[in-house]
A.B. asks: 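My questions all concern the structure below.
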Amino acid sequence: FSPSVLGTREHWDAAYERELQTFQDIGDAGEIWFGEESMVRIIRWLEKHKVPLDSSVLDIGTGNGVLLVELAKSGYMNLTGIDYSPSAIQLSEKVREKEGMSNIKLKVEDFLAPSAELSGFDICIDKGTFDAVSLDPSDAVGKRKLYVGSLCRVLKPEGFFLITSCNWTKEELLNEFREGFEILEELPTPKFCFGGRIGNSVTALVFQRK
């Protein structure tokens, strides 16, 4: 991928500072990455596979924290969200407070250099964070490897990793996560037709840590 400001911390700090101000002004939590259907897709998969409600869940790059709120409303109790942008965590704290979801844990963390206490999760979820890492103007290839290494550290063996991406195809993601993970399922996403070929604008996969 070509390097992009979407891969820089400065971009996301500025974006979430604007969203934080908007939330304080009018109570709007901001954009839901990949739309509400992406959250529904994740929650349906967890429910379909009867993932216990007390499973520890990590939302990598939580942004405004809305996914965690929806998981809490669905009965999940052990929820943690991290983001390297302090403004994103401030915003997600405001959203958590507004929704009365005091059991959601939120931390400023860089997933590429996670703290020791960030470990032992049953489920890790990524909606767009790996995409952003892939656009980093500074050594994106190296940072993708760091991401996979971090995921191996924080996710329990046999744990599930649910990733939603608009930059990567299924085959490419299988290659990126070949070390330590196996594919369990591809989740259905909206299809489009262009030039007589049918494709997906979004890829959603479930991996299991070996």
A.B. asks: Taking side-chain hydrogen bond (donor to acceptor under 3.5 Å, both in side chains) as the definition, give me every residue that meets it alongside Y76, ordered by chain and number, with sequence neighbours left out.
C.D. replies: none
A.B. asks: Under the side-chain hydrogen bond (donor to acceptor under 3.5 Å, both in side chains) test, which residues partner S85, sequence neighbours left out?
C.D. replies: D13
A.B. asks: Could I get the full list of salt bridge (Lys or Arg N to Asp or Glu O under 4.0 Å) partners for E185, not counting sequence neighbours?
C.D. replies: K48
A.B. asks: Give me each pair satisfying ring-ring contact (aromatic ring centres under 6.0 Å, His included) with a member in residues 85-123, each pair once, sequence neighbours excluded.
C.D. replies: F111-Y147
A.B. asks: Applying side chain to side chain contact (heavy atoms under 4.5 Å, CB included), name anything that partners R153, two or more places apart in sequence or on another chain.
C.D. replies: P114, S150
A.B. asks: Could you work out, with side-chain hydrogen bond (donor to acceptor under 3.5 Å, both in side chains) as the rule, every residue matching D139, not counting sequence neighbours?
C.D. replies: none
A.B. asks: Taking salt bridge (Lys or Arg N to Asp or Glu O under 4.0 Å) as the cut-off, I'd like each qualifying pair that reaches into residues 76-87, sequence neighbours left out, listed once.
C.D. replies: none
A.B. asks: Could you list the residues that satisfy salt bridge (Lys or Arg N to Asp or Glu O under 4.0 Å) with K105, not counting sequence neighbours?
C.D. replies: none
A.B. asks: Test of understanding: with side-chain hydrogen bond (donor to acceptor under 3.5 Å, both in side chains), list the residues that count as partners of N103, not counting sequence neighbours.
C.D. replies: none
A.B. asks: Suppose the criterion is salt bridge (Lys or Arg N to Asp or Glu O under 4.0 Å): which pairs have a residue in residues 50-72, not counting sequence neighbours?
C.D. replies: E70-K73
A.B. asks: List in chain and number order the residues that pass side chain to side chain contact (heavy atoms under 4.5 Å, CB included) with S115, two or more places apart in sequence or in another chain; answer none if no residue qualifies.
C.D. replies: E109, E117, L118
A.B. asks: To the nearest 0.5 angstrom, please state how far the CD atom of E171 sits from the OG1 atom of T203.
C.D. replies: 8.5 Å
A.B. asks: Which pairs pass ring-ring contact (aromatic ring centres under 6.0 Å, His included) with one or both residues in residues 45-71, sequence neighbours excluded?
C.D. replies: W45-H49, W45-F160
